[in-house]
Amino acid sequence: MKDQLEKIKKEALDKIDASDALDKLNDIRIAYLGKKGELTQVLKSMKDVAPEDRPKVGQMVNDVRTIIEEKLENTRKELAKKAREEQLKREVIDVTLPAKKNSVGHSHPNTIALNEVEQIFVGMGYEVVEGPEVEYDEYNFEKLNIPANHPAKDEQDTFYITKDIVLRTQTSPVQARVMEQGKLPIRMISPGRVFRSDEVDATHSPSFHQVEGLVIDKHITFADLKGTLAEFAREMFGENTKVKFRPHHFPFTEPSAEMDVTCFKCGGKGCRFCKGSGWIEILGCGMVHPHVLEMCGIDAEEYSGFAFGVGLERIALLKYEIDDMRLLYENDIRFLKQF
């Protein structure tokens, strides 16, 4: 039995000395000290040893176990220390090297334009109100004086989810929801994403953004509308910007108009940017139709108001002289870095 234990000890120590990795040490531990290891098998064979010799043999087994365990632990520490030293050599940092430059993003041109629009109108005392992009037909059309047979409700222009639910085609439904609450007076703008069934090209997209404004109060006139939008144009495009209103038709407003601003590229003299006219169309506007007020529970005899709507992408395209709307959505870093 003594010779067998000496053989086991020698084999184990030799293998430990030859090992060069921590996982190999673990394999040796299992092979000699584990539940099915060689020393464990020796202990199981103690039943064949004479009773008077068992204490002596047991002590010998424990001595061999202790020697192997100590050798394993010392070798483990040496290998761990060696591994740490090698890791430190690999991870040496040259403090004289230039630091890595972090790539920091910035606002999208649409966001820049929206922040400027909001800042202008908030400065005039307007509130920014948002609403759902998935809207009821009632708010998207009916309450805006767009009857069931109106061309704007054609499926070629509107994305229908069900017969009564659509992807909003404008942010005007937010105005209808606010008017319905009856908290007067109202001074608000409603920015947000809208959807129309358009083919993608340089000036059209099935998904784009609008900013629509609404004022409801007593004694509101078209002169208030003109003054407000003239001030907006000067703040947005420059102090010398002038505005021009042309008659138009919108179901939501009566009378209605489209507003042009003097070309901020040539100052109204005529250039390629304004196609020689000196003017650029910027938005649609008008006095809120009395029928719309009545449908939203507002007394049209006592209150009046005006509304306007401008495409956010149009402002960005004009302000930054971008000639293709698709550039705003393609996420080309070379383009976005310019802003």
Side-chain angles (χ1 to χ4, degrees), residues 105-117 132-135 137 140-141 144 146 150-161 165-174 189-213 232-233 236-237 244 246 248-252 256-266 270-286 308-339:
H106 57 80
S107 296
H108 188 276
N110 263 2
T111 304
I112 297 172
L114 176 59
N115 290 340
E116 192 167 348
V117 172
E133 294 179 356
V134 180
E135 188 57 275
D137 178 279
N140 196 75
F141 294 119
L144 301 179
I146 301 175
H150 196 280
K153 297 189 67 172
D154 194 295
E155 288 188 5
Q156 292 182 352
D157 298 320
T158 306
F159 290 107
Y160 280 86
I161 296 176
I165 299 177
V166 301
L167 295 181
R168 67 181 181 187
T169 58
Q170 59 227 346
T171 57
S172 299
V174 183
I189 58 170
S190 52
R193 184 167 57 169
V194 299
F195 307 87
R196 293 182 188 175
S197 184
D198 287 331
E199 294 292 334
V200 176
D201 59 29
T203 57
H204 295 86
S205 171
S207 175
F208 55 101
H209 299 79
Q210 280 190 339
V211 180
E212 302 201 28
F232 162 69
M236 194 75 195
F237 301 113
K244 178 176 68 175
R246 294 178 286 104
H248 199 68
H249 170 71
F250 299 109
F252 183 70
S256 304
E258 284 189 336
M259 188 183 88
D260 301 337
V261 298
T262 48
C263 178
F264 38 85
K265 186 73 173 176
C266 65
C271 65
R272 179 190 64 83
F273 198 66
C274 60
K275 299 179 181 178
S277 69
W279 296 90
I280 298 174
E281 178 190 331
I282 191 69
L283 56 80
C285 59
F308 58 88
V310 58
L312 185 62
E313 282 80 0
R314 182 163 183 77
I315 290 179
L317 293 177
L318 293 173
K319 191 170 180 64
Y320 302 115
E321 300 181 27
I322 304 169
D323 57 6
D324 194 327
M325 183 177 176
R326 289 169 291 192
L327 291 170
L328 296 174
Y329 303 116
E330 290 175 348
N331 293 327
D332 189 326
I333 296 297
R334 295 169 299 177
F335 170 75
L336 295 176
K337 277 184 176 179
Q338 300 176 56
F339 303 92

*What pair of heavy atoms forms the shortest contact from Pro109 to Leu328, and how long is it?*
CG-CD2, 3.8 Å
*What residues, two or more places apart in sequence or in another chain, satisfy side chain to side chain donor-acceptor pair (under 3.5 Å) together with Glu281?*
none
_Enclosure of Glu199 CD (heavy-atom neighbours >12, cutoff 6.0 Å)_ = no
_Of all pairs that satisfy salt bridge (charged side-chain N to carboxylate O under 4.0 Å, His left out), the ones with a partner from residues 326-339, not counting sequence neighbours_ = Asp324-Arg326, Asp332-Arg334
_Looking at Ser277 and Trp279, would you say the former's side chain and the latter's main chain have a donor-acceptor pair under 3.5 Å?_
yes
_Nearest 0.5 angstrom please: Leu312 CG to Asn110 CG, how far?_
4.5 Å
_Flag side-chain contact, heavy atom, 4.5 Å: Phe208 against Arg314_ = no
*Would you call Phe195 and Pro206 a side-chain contact if the rule is heavy atoms closer than 4.5 Å?*
no
*Contact check, side chains of Leu167 and Val134, non-hydrogen atoms, under 4.5 Å*: yes
*Atom pair CD/CD1 of Glu313 and Ile322 - distance to nearest 0.5 Å*: 10.0 Å
*How long is the gap from CG on Leu318 to CD1 on Ile282, to the nearest 0.5 Å?*
5.0 Å
*Interatomic distance, Thr171 atom OG1 to Asn140 atom CG [nearest 0.5 angstrom]*: 10.0 Å
_What verdict does the side chain to side chain contact (heavy atoms under 4.5 Å, CB included) test give for Phe141 and Glu135, after you've listed the backbone C-alpha separation in whole Å, the side-chain angles of each residue and the deciding distance to 0.1 Å?_
CA-CA 10 Å; Phe141 294 119; Glu135 188 57 275; over 6 Å; no
_Under the rule for side chain to side chain donor-acceptor pair (under 3.5 Å), what residues qualify as partners of Gln170, not counting sequence neighbours?_
none
_With a 4.5 Å cut-off on side-chain heavy atoms, are Val174 and Arg168 touching?_
yes
*asked:* What I'd like to find out is whether the side chain of Leu144 reaches to under 4.5 Å of the side chain of Pro251, using heavy atoms alone.
replied: no
*In Å and rounded to the nearest 0.5 Å, what is the CD1 to CG distance from Ile189 to Leu114?*
7.5 Å
*Locate the shortest heavy-atom distance separating Met259 from Ala233; write the atom from each residue and the value.*
CE-CB, 4.5 Å
*State the NZ-CZ distance between Lys244 and Arg246, to the nearest 0.5 angstrom.*
6.5 Å
*Do Tyr320 and Leu327 come close enough that some side-chain heavy atom pair is under 4.5 Å?*
no
_Classify the ring geometry of His209 against Tyr329: parallel below 30°, tilted from 30° to 60°, perpendicular beyond 60°._
parallel
*Between Glu116 and Met236, is any pair of side-chain heavy atoms under 4.5 Å apart?*
yes
*Close side-chain approach of Phe232 and Leu283, heavy atoms under 4.5 Å*: yes
*For Arg196, does its backbone N or O pair with a side-chain atom of Thr169 as donor and acceptor, under 3.5 Å?*
no
_Quick check: closest heavy atoms across Ala113 and Ile315, and the distance to 0.1 Å?_
CB-CG2, 4.2 Å
